[in-house]
Undergrad: 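Structure incoming, see below.
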Amino acid sequence: MSSAPLSSRVPSAWPMIDLHRHLEGSIRPSTAHRLAARAGARPPRSEFVADDEGDLLPYLAKIDNAATFATTLDDWWRITREAVADACDDGLTAVEFRFSPQFVAARTGLDADAVIDTVTAAVAGHGLPIDVGLIGIVVRDEGPDSAEGQMRRLLRHADRLVGVDLAGDEAGFPVAQFSPAFGLAHDAGLPATVHAGEAAGPESVWNAVRHLGPTRIGHGVRSDEDPRLLDHLAASGITLEVAVTSNVQTGAAQDRRRHQLAALVAADVPVALCTDNPSVSNTRLSREFDIARELVGAETVERIRRHGFTARFAPSARG
Ligand SMILES: [Zn+2]
């Protein structure tokens, strides 16, 4: 393991924070190809990078494909360090990476607790001018009993996490059944964000808010189909983590020009601009801000940028 800095970027004059960035979706395509070659595979770029898939599950499959080749703890240490360096290179001064030990373990056969130890060790002392927080993900695709076990594991490492998240097949696994798992996080004092309103409609966001008590919602863009929900999100100050490019690729938004961002902002819903999976979506946060500027104008984008820092779970792990 090398401890040499991978980036020499100086702090940005226009600081950005990304609150919704999956570590597993931040694996550099070059790294994924190198790891695939090590396993004797030569997958095409389309295995790792999304086009307009138009649906969440084929989009998530791209993340599976890259993660499957990262079969050693050293791989995950390197992937984490590269992801931090890439965030820094794009001008971010803070980032909250989220990852699912259960997902990584299932794809690679690695021990989930060892994955947590490796990722947290890579984040500690990264040596770059960026604050890095880690969010532990519970995967919904194995049902509520597994979710509770996943949450208990995350909570054993709670001192190294800034929050928890629920991710995976939103349409196939409705949110309410995960209430017991998120009750554990609440009791432990860890704030929550929940993927909702991406592959399912406003009812999914309502249920997340009612049953899981999140202070942020991953995406939530389909909230704009229910004006009462928009009012509720605005009144309760729940932040939507919006990732325009990803939303178009997964079909959560019809196309970029008709993305829900303008409607959300017009309804005074707090919004933070995010990338979701920069490698899979082939984007950067600075590019997402450029896109947002076209949609809602520079003044609103500046408000969104500042709000990202307000909505962070906690500053931690400065390198
Ligand atoms: Zn996500």
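Predicted, not measured: the structure shown is a model, and the values here were computed from it.
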Undergrad: List the residues meeting side-chain hydrogen bond (donor to acceptor under 3.5 Å, both in side chains) with D75, not counting sequence neighbours, and say none if there are none.
TA: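 Applying side-chain hydrogen bond (donor to acceptor under 3.5 Å, both in side chains) to D75 gives R38, T72.
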Undergrad: Quick one, V221 with L240, criterion side-chain contact (heavy atoms from CB on, under 4.5 Å). Give me CA distance, side-chain angles, the key distance, then yes/no.
TA: CA-CA 8 Å; V221 292; L240 300 189; 5.8 Å; no
Undergrad: Can you give me the closest heavy-atom contact between A122 and R81, atom names plus distance?
TA: O-NE, 2.7 Å
Undergrad: With sequence neighbours excluded, tell me which residues meet side-chain hydrogen bond (donor to acceptor under 3.5 Å, both in side chains) with D276.
TA: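 Checked D276 against side-chain hydrogen bond (donor to acceptor under 3.5 Å, both in side chains); matches are H20, H22, H219, S246.
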Undergrad: Which pairs, with at least one residue in residues 160-179 and sequence neighbours excluded, count as a salt bridge (Lys or Arg N to Asp or Glu O under 4.0 Å)?
TA: R98-D165, D117-R160
Undergrad: Quick test of your reading of the model: are R42 and E47 salt-bridged, counting only N-O distances below 4.0 Å?
TA: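 Result for this pair is no, no salt bridge flagged.
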Undergrad: Can you check salt bridge (charged side-chain N to carboxylate O under 4.0 Å, His left out) on R21 and E241, steps first, answer last?
TA: CA-CA 10 Å; R21 182 176 294 220; E241 305 158 351; over 6 Å; no
Undergrad: Measuring from F97:CZ to T120:OG1, what's the distance to the nearest 0.5 Å?
TA: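 Output value for this atom pair is 14.0 Å.
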Undergrad: Would you say T193 and P214 make side-chain contact, with heavy atoms under 4.5 Å?
TA: no
Undergrad: So V49 and P29, do their side chains get closer than 4.5 Å, heavy atoms only?
TA: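 In contact.
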Undergrad: Are any side-chain N or O atoms of Q177 and backbone N or O atoms of R140, one a donor and one an acceptor, separated by less than 3.5 Å?
TA: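 Between the backbone of R140 and the side chain of Q177 there is no qualifying donor-acceptor contact (under 3.5 Å).
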Undergrad: Using side-chain contact (heavy atoms from CB on, under 4.5 Å), reason through F173 and E142 one step at a time and then give a plain yes or no.
TA: CA-CA 9 Å; F173 293 85; E142 297 171 21; over 6 Å; no
Undergrad: So do V242 and H259 actually touch side chain to side chain, heavy atoms under 4.5 Å?
TA: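 H259 reaches V242 side chain to side chain.
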Undergrad: For Q249 and S281, does a side-chain donor sit closer than 3.5 Å to a side-chain acceptor?
TA: yes
Undergrad: Charged N to carboxylate O under 4.0 angstrom, R303 versus E299?
TA: no
Undergrad: Using a 4.5 Å cut-off on heavy atoms from C-beta on, say whether the side chain of V265 contacts that of I304.
TA: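 Yes, at least one pair of side-chain atoms sits under 4.5 Å.
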Undergrad: Is there a side-chain hydrogen bond (donor to acceptor under 3.5 Å, both in side chains) between S100 and E24? Walk through the geometry before answering.
TA: CA-CA 8 Å; S100 165; E24 301 94 323; 4.9 Å; no
Undergrad: Is there side-chain contact between V115 and T118, with heavy atoms separated by less than 4.5 Å?
TA: no
Undergrad: Surrounding NE2 of H157 (heavy atoms of other residues, nucleotides or ligands, distance under 6.0 Å), is the total greater than 12?
TA: yes
Undergrad: Flag the pair H211 / F182 as yes when their ring centroid distance falls below 6.0 Å, and as no otherwise.
TA: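 So the answer is no for these two rings.
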Undergrad: Could you give me the CA-CA distance, side-chain angles and deciding distance for I137 and Q150, then say whether side-chain contact (heavy atoms from CB on, under 4.5 Å) is met?
TA: CA-CA 8 Å; I137 291 180; Q150 293 177 57; over 6 Å; no
Undergrad: Of all heavy-atom pairs between L161 and I135, which one has the smallest distance, and what is that distance?
TA: CD2-C, 4.4 Å
Undergrad: Taking the side chain as everything from C-beta on, heavy atoms only, tell me whether D113 gets closer than 4.5 Å to R153.
TA: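 Sidechains of R153 and D113: in contact.
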Undergrad: Atom CD1 in I27, atom OG1 in T80: separation rounded to 0.5 Å?
TA: 9.0 Å
Undergrad: Do the charged groups of D290 and R293 touch, with an N to O distance under 4.0 Å?
TA: yes
Undergrad: In terms of hydrophobic clustering (I, L, V, M, F, W, Y; side-chain heavy atoms under 4.5 Å; direct or indirect links), are F309 and M16 co-clustered?
TA: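 Unlinked, F309 and M16 end up in two clusters.
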Undergrad: Got a second to check how far S46's OG is from D51's CG, nearest 0.5 Å?
TA: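 It comes to 9.0 Å.
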Undergrad: Once rounded to the nearest 0.5 Å, what's the spacing between atom CD of E198 and atom OG of S204?
TA: 9.5 Å
Undergrad: Can you find a heavy atom in the side chain of R312 that is under 4.5 Å from one in the side chain of L19?
TA: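 The answer is yes; the side chains approach within 4.5 Å.
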Undergrad: Kindly assign one of parallel, tilted or perpendicular to the pair F69 and F48, based on the angle between their ring planes and the thresholds 30° and 60°.
TA: perpendicular
Undergrad: Please report the interatomic distance CZ(R156) to CG(L154), rounded to the nearest 0.5 Å.
TA: 9.0 Å
Undergrad: Does R257 CZ have over 12 foreign heavy atoms under 6.0 Å away?
TA: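 No, CZ of R257 has 12 or fewer neighbouring heavy atoms, counting only those of other groups under 6.0 Å.
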Undergrad: Are L261 and V248 connected in a single hydrophobic cluster, I mean Ile/Leu/Val/Met/Phe/Trp/Tyr linked by side-chain heavy atoms less than 4.5 Å apart?
TA: no
Undergrad: At what distance, to the nearest 0.5 angstrom, does CG of N282 lie from CG of N277?
TA: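 Nearest 0.5 Å value for the CG-CG distance: 12.0 Å.
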Undergrad: Any side-chain heavy atom of T215 within less than 4.5 Å of one from F313?
TA: yes
Undergrad: Let me check something: do I17 and I291 share a hydrophobic cluster, defined by ILVMFWY side-chain heavy atoms less than 4.5 Å apart, either directly or through other members?
TA: no
Undergrad: Under 4.5 Å between side-chain heavy atoms, counting indirect links through other Ile/Leu/Val/Met/Phe/Trp/Tyr residues: same cluster for V209 and L190 or not?
TA: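 Yes.
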Undergrad: Considering non-hydrogen atoms only, spot the tightest contact between S223 and L233 and give its length.
TA: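 Scanning both residues completely, I find the closest heavy atoms to be OG-CD1, 3.6 Å.
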Undergrad: In this structure, which one of I238, V194, L229 forms a side-chain contact (heavy atoms from CB on, under 4.5 Å) with V205?
TA: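 So the option named by the test is L229.
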Undergrad: Give me the atom names and distance for the closest heavy-atom approach of G308 to A272.
TA: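 Where G308 meets A272 most closely, the heavy atoms are CA-CB, 4.2 Å.
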Undergrad: Work out which heavy atom in A67 is nearest to a heavy atom in F103; give both atom names and the distance.
TA: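 Looks like CB-CE2, 3.7 Å.
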Undergrad: Tell me, with the steps shown, if D86 and S26 meet side-chain contact (heavy atoms from CB on, under 4.5 Å).
TA: CA-CA 9 Å; D86 290 346; S26 302; over 6 Å; no
Undergrad: Provide the closest heavy-atom pair for M151 versus A181 in the form atom of the first, atom of the second, distance.
TA: CG-O, 3.2 Å
Undergrad: Could you walk me through whether F99 and W76 pass the ring pair (Phe, Tyr, Trp, His ring centres under 6.0 Å) test, one step at a time?
TA: CA-CA 11 Å; F99 70 112; W76 286 97; 8.4 Å; no
